Amino acid sequence: QVQLVESGGGTVQAGDSLRLSCAASGRTFSDNAMGWFRQAPGKEREFVAAINWSGTNTAYADSVKGRFTISRDNAKNTVDLQMNSLKPEDTAVYYCAGRWGTVILTKPGGMNFWGKGTQVTVSS
């Protein structure tokens, strides 16, 4: 099993930046595709960004493309999400997730393990 712990959330103003980090422990991390998802109050959990096992392939939701960057460091067992030009609509709980496979998936149902989430609040 892989355990995931997110950090870096907080309250910022529109236009600011935040960097979320996800630390993994347990089973081998480098074989897993990883992703970030988010869930706002009253809404379904949605895909934000994903990265394949080697970090050579990434995918982003249209709503964050050009503003967010996902990266990973397999030596440190971490996956980061750099969020720039934040908007109030980015307010949500952000979850790190992984799957038993090397290929990116963008559906929450395709992920096998999850962190508990970190709150991001963007004020206007």
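These numbers come from the heavy atoms of this one structure, side chains and all, not from hydrogens, waters or symmetry mates. All values reported here derive from a predicted model rather than from experimental measurement.
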TODO: Determine, stepwise, if the pair K87 / D90 fulfils salt bridge (Lys or Arg N to Asp or Glu O under 4.0 Å).
DONE: CA-CA 5 Å; K87 304 175 181 180; D90 294 319; over 6 Å; no

Task: Contact check, side chains of K76 and S21, non-hydrogen atoms, under 4.5 Å - done: no

Open item on the list: Is any side-chain heavy atom of T102 closer than 4.5 Å to one of N52?
Closed with: no

Task: Validation row: I104, N57 side chains within 4.5 angstrom (heavy atoms) - done: yes

- [ ] Output, in order, the C-alpha distance, side-chain angles, deciding distance and verdict of side-chain hydrogen bond (donor to acceptor under 3.5 Å, both in side chains) for D73 and T78.
- [x] CA-CA 5 Å; D73 186 335; T78 58; 5.0 Å; no

Open item on the list: side chain to side chain contact (heavy atoms under 4.5 Å, CB included) for R99 and N32? Distances and angles first, verdict last.
Closed with: CA-CA 6 Å; R99 61 180 299 267; N32 306 123; 5.9 Å; no

Task: side chain to side chain contact (heavy atoms under 4.5 Å, CB included) between F68 and W36, intermediate numbers included - done: CA-CA 11 Å; F68 291 11; W36 285 93; over 6 Å; no

Task: Residue pair Q13 / L86, side-chain heavy-atom distance below 4.5 Å - done: no

- [ ] Would you mind reporting whether M34 and L4 have side-chain heavy atoms less than 4.5 Å apart?
- [x] yes

Open item on the list: Please find the pair of heavy atoms, one from A50 and one from I70, that lie closest to each other, and give the distance.
Closed with: O-CG2, 3.6 Å

- [ ] Indicate yes or no: at least one non-hydrogen side-chain atom of Y60 is less than 4.5 angstrom from one of V48.
- [x] no

Open item on the list: Just verifying a value: how many Å separate S63 OG and R38 CZ, rounded to the nearest 0.5 Å?
Closed with: 4.5 Å

TODO: Salt-bridge test for D80 and R72: reply yes if a basic N is under 4.0 Å from a carboxylate O, no otherwise.
DONE: no

Open item on the list: Looking at every heavy atom in both S124 and P88, which two are closest together, and how far apart are they?
Closed with: CB-CG, 3.8 Å

Task: Expected output: side-chain E6 to main-chain K116 donor-acceptor under 3.5 Å - done: yes

Task: Distance in Å, R45 CZ paired with K107 NZ, rounded so as to fall on 0.5 Å steps - done: 15.0 Å

Task: Residues that, via side-chain heavy atoms closer than 4.5 angstrom, fall in one hydrophobic cluster with W114 - done: F37, F47, V93, Y95, M111

Open item on the list: Using every non-hydrogen atom in the two residues, find where N84 and S17 come nearest and quote the distance to one decimal.
Closed with: OD1-OG, 2.9 Å

Open item on the list: With a 3.5 Å distance limit and no angle check, can you tell me whether N74 reaches the backbone of W53 through a side-chain donor-acceptor pair?
Closed with: yes

Open item on the list: Quick one: does any side-chain atom of T121 pair with a main-chain N or O of G10 as donor and acceptor, under 3.5 Å?
Closed with: no

Open item on the list: Rounded to the nearest 0.5 Å, what separates atom OG in S7 from atom OH in Y94?
Closed with: 15.0 Å

Task: Partner of V120 under side chain to side chain contact (heavy atoms under 4.5 Å, CB included), chosen from T91, L81, L20 - done: L20

- [ ] Using a 4.5 Å cut-off on heavy atoms from C-beta on, say whether the side chain of M83 contacts that of R67.
- [x] no

